[in-house]
Engineer: 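Quick one: structure below, then a few questions.
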Number of protein chains: 4
Amino acid sequence: MLIRRVCREGGTVKKKANKRQPSQDRRERILDVARALFEEKGYQGTTTAQIAAAAGVPEGTLFEDFRTKRDLVFAVLERDIEVYLDFLELQLRGIEGALNRIRKFIWSHLYTWRRRRFIARFLILEVRQDPGYYQSHAHDLMQRYNEDLMGLIKEGIEEGSIRADVNAEMVRNVIFGGIEQTALHWALKEDPFDVDTCTKELCGLVFRAIQA
Amino acid sequence: MLIRRVCREGGTVKKKANKRQPSQDRRERILDVARALFEEKGYQGTTTAQIAAAAGVPEGTLFEDFRTKRDLVFAVLERDIEVYLDFLELQLRGIEGALNRIRKFIWSHLYTWRRRRFIARFLILEVRQDPGYYQSHAHDLMQRYNEDLMGLIKEGIEEGSIRADVNAEMVRNVIFGGIEQTALHWALKEDPFDVDTCTKELCGLVFRAIQA
Amino acid sequence: MLIRRVCREGGTVKKKANKRQPSQDRRERILDVARALFEEKGYQGTTTAQIAAAAGVPEGTLFEDFRTKRDLVFAVLERDIEVYLDFLELQLRGIEGALNRIRKFIWSHLYTWRRRRFIARFLILEVRQDPGYYQSHAHDLMQRYNEDLMGLIKEGIEEGSIRADVNAEMVRNVIFGGIEQTALHWALKEDPFDVDTCTKELCGLVFRAIQA
Amino acid sequence: MLIRRVCREGGTVKKKANKRQPSQDRRERILDVARALFEEKGYQGTTTAQIAAAAGVPEGTLFEDFRTKRDLVFAVLERDIEVYLDFLELQLRGIEGALNRIRKFIWSHLYTWRRRRFIARFLILEVRQDPGYYQSHAHDLMQRYNEDLMGLIKEGIEEGSIRADVNAEMVRNVIFGGIEQTALHWALKEDPFDVDTCTKELCGLVFRAIQA
DNA sequence: CATGAATGAGTATTCATTCAT
DNA sequence: TATGAATGAATACTCATTCAT
């Protein structure tokens, strides 16, 4: 079965002289354009060929940096989430009181989703359907994030600033749900929201509900 | 308000009343099996061939009743939403007081999503990415549904049962968001929720936040 | 994940008015051109696109008639082998004596391979590497064919026309091997052989070796 | 005749004697692992990356020693065939009589194929399809090998030990064919054959056919 | 000479939709 | 109106080979 090769070898394959690409930049560039394209057209709607073209790399290179297309999305997500979690951690430093920390948590979340529509869209709409997501590092990060909020709620209960009779899970649902609805309207309709105002309003409602 | 439902109540729900009966049955059958398959394997994961086979109709027939596969999903959604809205309207009859009506609204929503995982999954995860959705009748129905809740909230403010200083939009966000988070955990993890308990907990939180 | 479809649906896809193709003819035509191409360029060297183009059918049609490319080769082989076995059976009728029957067997084999280079090439060179071959109907047929020759040899021993001390397996090896070498030189070098002469010479040698 | 071998015997077998040693080792190592991999997974089934990795050389190095992957297979073949021809030449020394020499020829052939399944498999199944093979040194060697057997047959005719009326070509076909069939069953089915027994049986048949 | 990252051409198969009957 | 065979566009991934260092 040597035939196929034979055919290819018939003519010498000459291409334009290629220049090397600094590898690290390249990976970042791919992640950047992939995020933009995924944001614009969804996961299924974006082809690896499009990503490669937009990043100015040959298609084969994509698969050197990322084993599969799916690995690529997860890599985009992970990078963004990690940046966000670092940011969040910094934001929460030096803030006292569970409620104040929850307020900051909400603010940071809205602030980030506002700037990175990609995270909102993919976390809410795309990856949830992918069973692989639940084994991914991105999911781990989100789990921890989730637990962070649960932790803050319980902290509040312990320190007495949050009523002991609230159901922490439902509180989390309401907070995440409120954020998600707010962000979603924007993510889908391009109807931008004001982070400070939304934070104030969401906290206004939620705190009145849970304050001791 | 929910008036529009009332209007359509006079006649039986027949869209193309002149179509001969076998066709009508067939259409329903297709919608039924399509819903089941979409629920099980998602939109992309379900082929028109599978739907046709399961419905016992030739593949070409699908495209007589529905111009495209996308139209078919939307039709499934529309039918379910319409059934739901009829149900909701009935549930709300004879209930006095905005808060009581909102409670019933939440309960109905959770109750229905619990029984029709398809609506939850597709409304939250699939159709939102489809620009066509925003022109579809399904979206119109959801819009009006949305406005219904807004109406109830404003009603409450007017009748004095809800604080005048709440932001109605954010209240709606918190309510829908809370519902969605609750339903989502279930839709994705098969972790069933109890409708009555969840209603009670969600209302407990929300009402404490908005009660005058 | 409705996006991809959406994109495709954007423009109406209009093609040249297609004419129907009588299905049975088509299958045969595909088998014919596939045989020719496989013969010319081997299995790996032939693409499904080439086969489809040569047969004048759209590529998708190939996969309606044959589930996979591999199924297609086996189908070509099976058809040819079946035709050959029918032919052989007819040739052997009314011939008395194991040696005479073996001579006819050899002659038929050479005669057919001479006309159907494809069988020679694929049976000797290509399918043997394919594990799937050993489960295929084509292989079953060849097995039976093999056993037929072994049967004739044993028959000869029983009737006393073949020496009892020969190793039947090696006799078969020598016969098939002799045929194969003869056919192979031709199959590869386009150096045609004369069926009658080769039969005479091969039988001359072999019979002198095995005759009682 | 086998004379040519004798000529090369004076010096050790060094082709590019001026090459520095490490390169020579490397080349051998590559040939060794390539043979093992080709044997195990066939030509198409083996990637140059795998070969490079197994040989512990960078991929680029492969293409310094061998212009293409195809050149590499041929090189493996050539080396094995050369080793075999040297071996054969040695085996035939001091044997008198064409039939005795042919017997040794057959034995050596079977003995070698038995130990180097690679040669059997590639010569019978893979390279024959490659038009490049017929220009390769490996093919030259096999041609000469072929002619060697033809020479022995003619020798036998001249010395009167082989009947003058046999067709030398068909004798060769029967001998090679018999060997190939025997080896093939083993190469494909892992059904090992006994070299001495097979030699005896094959010679038993063939000699009875051609003995004067 | 040696390297190994970069390259991009190449390919089997699926499936929504059409349209000749 | 109903059919279902026919259609062909669309797509992720591999791997032999090159060439800048």
Side-chain angles (χ1 to χ4, degrees), chain A residues 4-5 7-9 11-23 26 44 46-52 57-70 72, chain B residues 19-20 22-23 26 44 46-53 57-70 72, chain C residues 4-5 7-9 12-23 26 44 46-52 57-70 72, chain D residues 19-20 22-23 26 44 46-52 57-70 72:
Chain A
R4 182 164 39 130
R5 290 287 118 206
C7 298
R8 285 226 214 125
E9 277 153 11
T12 351
V13 187
K14 292 242 169 96
K15 297 132 206 174
K16 57 186 168 183
N18 307 306
K19 28 185 160 176
R20 288 295 151 116
Q21 307 238 2
S23 174
R26 192 187 61 189
Q44 294 274 356
T46 304
T47 67
T48 52
Q50 286 166 354
I51 297 170
V57 300
E59 204 162 353
T61 300
L62 239 53
F63 295 88
E64 274 214 343
D65 289 351
F66 310 95
R67 234 168 34 76
T68 66
K69 187 186 174 190
R70 191 193 284 185
L72 176 54
Chain B
K19 231 179 181 174
R20 69 182 207 264
S23 250
R26 190 185 63 190
Q44 292 275 352
T46 305
T47 67
T48 51
Q50 287 165 353
I51 297 170
V57 302
E59 204 165 352
T61 299
L62 239 52
F63 294 86
E64 276 211 345
D65 289 351
F66 311 95
R67 229 169 38 77
T68 67
K69 187 186 175 191
R70 228 170 75 213
L72 175 56
Chain C
R4 181 164 40 125
R5 289 288 118 206
C7 298
R8 285 226 213 124
E9 278 155 10
T12 350
V13 186
K14 292 242 169 95
K15 297 133 208 173
K16 57 187 170 183
N18 307 307
K19 29 188 158 175
R20 287 297 152 118
Q21 307 238 2
S23 174
R26 192 187 62 189
Q44 295 274 354
T46 305
T47 67
T48 51
Q50 287 166 354
I51 298 170
V57 301
E59 204 161 354
T61 299
L62 240 52
F63 295 87
E64 274 215 342
D65 289 350
F66 309 96
R67 232 168 36 76
T68 66
K69 188 187 174 189
R70 191 192 284 184
L72 175 54
Chain D
K19 233 179 178 173
R20 69 180 207 267
S23 250
R26 190 185 62 190
Q44 292 276 351
T46 305
T47 68
T48 50
Q50 287 165 353
I51 296 170
V57 302
E59 203 164 352
T61 299
L62 239 52
F63 294 86
E64 276 211 345
D65 288 352
F66 310 94
R67 232 170 37 77
T68 66
K69 187 186 176 191
R70 228 169 75 211
L72 176 54

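Every value quoted in this text rests on a predicted model; they were computed, and no experiment measured them. Atom set for the values below is all heavy atoms of this structure, side chains included, hydrogens, waters and symmetry mates excluded. Order of the sequence lines sets the chain letters (A, B, ...), proteins ahead of strands, with each chain counted from 1.
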Engineer: Map C:Thr68 and B:Gly60 onto DNA chain E by nearest heavy atom, then report which one ends up closer to the 5' terminus.
Structural biologist: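 The residue mapped nearer the 5' terminus is C:Thr68.
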Engineer: To the nearest Å, how far apart are D:Gln50 CD and F:dA16 C1'?
Structural biologist: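 Distance, rounded to whole Å: 13 Å.
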Engineer: Want to settle it: does A:Glu64 or C:Arg67 sit nearer the 5' end of DNA chain E, counting the closest nucleotide to each?
Structural biologist: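 By nearest-heavy-atom nucleotide position, the 5'-most residue is A:Glu64.
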Engineer: Mind calculating the distance between CG (C:Leu62) and C1' (F:dA9) to the nearest angstrom?
Structural biologist: 16 Å
Engineer: Side chain of C:Pro58 only, please: which of E:dT3, F:dT17, F:dT7 is the nearest?
Structural biologist: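 Looking only at heavy atoms from C-beta outward on C:Pro58, the closest nucleotide is F:dT7.
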Engineer: Between B:Lys69 (NZ) and E:dT18 (P), how many Å, whole number?
Structural biologist: 15 Å
Engineer: For A:Glu59 and F:dA16, what is the distance between atoms CD and P respectively, to the nearest whole Å?
Structural biologist: 18 Å
Engineer: Once you round to the nearest 0.5 Å, how far does CZ of C:Arg26 lie from OG1 of C:Thr61?
Structural biologist: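 Answer rounded to 0.5 Å: 5.0 Å.
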Engineer: Mind checking what makes side chain to side chain contact (heavy atoms under 4.5 Å, CB included) contact with B:Thr46, not counting sequence neighbours?
Structural biologist: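 For B:Thr46, the residues satisfying side chain to side chain contact (heavy atoms under 4.5 Å, CB included) (neighbours in sequence not counted) are B:Leu37, B:Phe38, B:Lys41, B:Gln50, B:Ile51.
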Engineer: Restricting to side-chain hydrogen bond (donor to acceptor under 3.5 Å, both in side chains), what partner residues turn up for A:Glu64, sequence neighbours left out?
Structural biologist: none
Engineer: Can you name the nearest heavy-atom pair linking C:Thr68 to C:Phe63, along with the distance?
Structural biologist: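 Nearest pair, atom of C:Thr68 first, then C:Phe63: CA-CE2, 4.3 Å.
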Engineer: Round to a whole Å and report the spacing from CZ of A:Arg26 to P of E:dA6.
Structural biologist: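 A:Arg26 atom CZ is separated from E:dA6 atom P by 4 Å.
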Engineer: With a 4.0 Å cut-off on heavy atoms, is B:Thr47 in touch with a base, just the backbone sugar-phosphate, or nothing at all?
Structural biologist: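 Sugar-phosphate contact only - B:Thr47 comes under 4.0 Å of backbone atoms but never of a base.
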Engineer: Between A:Phe63 (CZ) and E:dA5 (C1'), how many Å, whole number?
Structural biologist: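 Atom CZ in A:Phe63 sits about 17 Å away from atom C1' in E:dA5.
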Engineer: Nearest whole angstrom, please: distance from the P of E:dG10 to the CD of D:Gln44.
Structural biologist: 15 Å
Engineer: Using atom CZ of C:Phe66 as one end and atom C1' of E:dT14 as the other, report the distance to the nearest whole Å.
Structural biologist: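 Those two atoms, CZ and C1', are 18 Å apart.
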Engineer: With sequence neighbours excluded, what pairs up with B:Thr48 under the side-chain hydrogen bond (donor to acceptor under 3.5 Å, both in side chains) test?
Structural biologist: B:Glu59
Engineer: Pairs counted only when both distances fall under 3.5 Å, Watson-Crick or G-U: show me the 5' to 3' dot-bracket for DNA chain E, [ ] for pseudoknotted crossings and | for other-strand partners.
Structural biologist: .||||||||||||||||||||
Engineer: Go through the structure and list residues passing side-chain hydrogen bond (donor to acceptor under 3.5 Å, both in side chains) with A:Arg70, not counting sequence neighbours.
Structural biologist: A:Asp130
Engineer: According to a strict under-4.0 Å criterion, is C:Thr61 in side-chain N/O contact with OP1 or OP2 of F:dA6?
Structural biologist: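 Answer is no, no contact under 4.0 Å.
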Engineer: Enter the distance from D:Thr47:OG1 to D:Lys69:NZ here, rounded to the nearest 0.5 Å.
Structural biologist: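 Going from the OG1 atom of D:Thr47 to the NZ atom of D:Lys69 covers 7.0 Å.
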